[in-house]
Amino acid sequence: MSMQINAGSMRHVIQWFKNDGDATDDWGKPVGPVAVGSQLMANVQVKSGTQTASLGLALTEEVITIMTWYDDSVTNDMLVLWNGIYYEIQHIKLDELLRGMIVTAKAQRNG
């Protein structure tokens with residue numbers, strides 16, 4: 001699979017995060033997700049309700065697919081921030097030439 005990124009297709013801003021669940025600062029407050037690198041441009045698509053149901057997911061879960069340039073620091077145990085929501089990375093599919101990747105992520109939504 002060779003990715004084709006067309007001009008103007010990467011119009012969404014995302015950022016990768018490591019989830020340091022139990023990490024705390026010097027005062028014992030939870031640190032939360034820690035940014036990895038800077039923001040980058042990507043093509044993000046939200047799966048429709050029909051597609052989500054066909055995957056066997058709850059209707060309160062939102063699944064997105066992200067097409068962006070290859071980054072070897074991104075792993076399945078990370079988060080991605082898009083539109084102010086943290087999504088858990090579920091799967092990473094690399095381009096055969098290691099130029100790009102498609103990342104599938106999901107988040108629990110309220111309503």
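Contacts of Ser38 classified as side chain to side chain donor-acceptor pair (under 3.5 Å), with partners at least two apart in sequence or in another chain: none. Partners of Asp77 under the side chain to side chain donor-acceptor pair (under 3.5 Å) rule, at least two apart in sequence or in another chain, are Thr75. Residues passing the side chain to side chain donor-acceptor pair (under 3.5 Å) test with Asn83, sequence neighbours excluded: none.
In Gln90, the CD atom is crowded: over 12 heavy atoms of neighbouring residues, nucleotides or ligands sit closer than 6.0 Å.
Screening Ile89, Ile92, Thr104, Val103 for a side-chain contact (heavy atoms from CB on, under 4.5 Å) involving Ile66 leaves a single residue, Val103.
Here the closest non-hydrogen pair linking Met10 and Met67 is CE-O, 3.8 Å. Shown here for Ala105 and Val80, the closest heavy-atom pair between the two residues is CB-CG1, 4.0 Å. Listed here is the closest heavy atom pair of Val74 and Met101: CG2-CE, 3.8 Å.
Atoms CD and CD1, on Gln45 and Ile102 in that order, are 9.0 Å from each other to the nearest 0.5 Å. Taken to the nearest 0.5 Å, the OG1 atom of Thr65 stands 7.5 Å off from the CG atom of Asn43. The CH2 atom of Trp69 sits 9.5 Å away from atom CG of Asp95, with the distance rounded to the nearest 0.5 Å. Here CG of Asp72 is found 9.5 Å from CG of Leu94. Values are rounded to the nearest 0.5 Å.
Under the 4.5 Å side-chain heavy-atom criterion for Ile, Leu, Val, Met, Phe, Trp and Tyr, Ile14 and Leu79 are members of distinct hydrophobic clusters. Cluster membership check: Val46 does not share its hydrophobic cluster with Leu81, using side-chain heavy-atom separations under 4.5 Å among Ile, Leu, Val, Met, Phe, Trp and Tyr.
Between Leu40 and Val13 there is no side-chain heavy-atom pair separated by less than 4.5 Å.
Classification of Glu88 and Lys106 as a salt-bridged pair fails, no side-chain N sitting under 4.0 Å from a carboxylate O.
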Steps toward side-chain contact (heavy atoms from CB on, under 4.5 Å) verdict (Tyr70, Arg99): CA-CA 5 Å; Tyr70 173 71; Arg99 291 184 183 173; 5.7 Å; no
Could you pull out every donor-acceptor pair under 3.5 Å between side chains of residues 26-36 and any protein atom, sequence neighbours left out?
none

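Sorted by first and then second residue, the pairs that involve residues 86-108 and meet ring pair (Phe, Tyr, Trp, His ring centres under 6.0 Å), not counting sequence neighbours, are Phe17-Tyr86.
Proximity of a side-chain donor or acceptor of Thr68 to a complementary backbone N or O of Gly100 within less than 3.5 Å is not detected.
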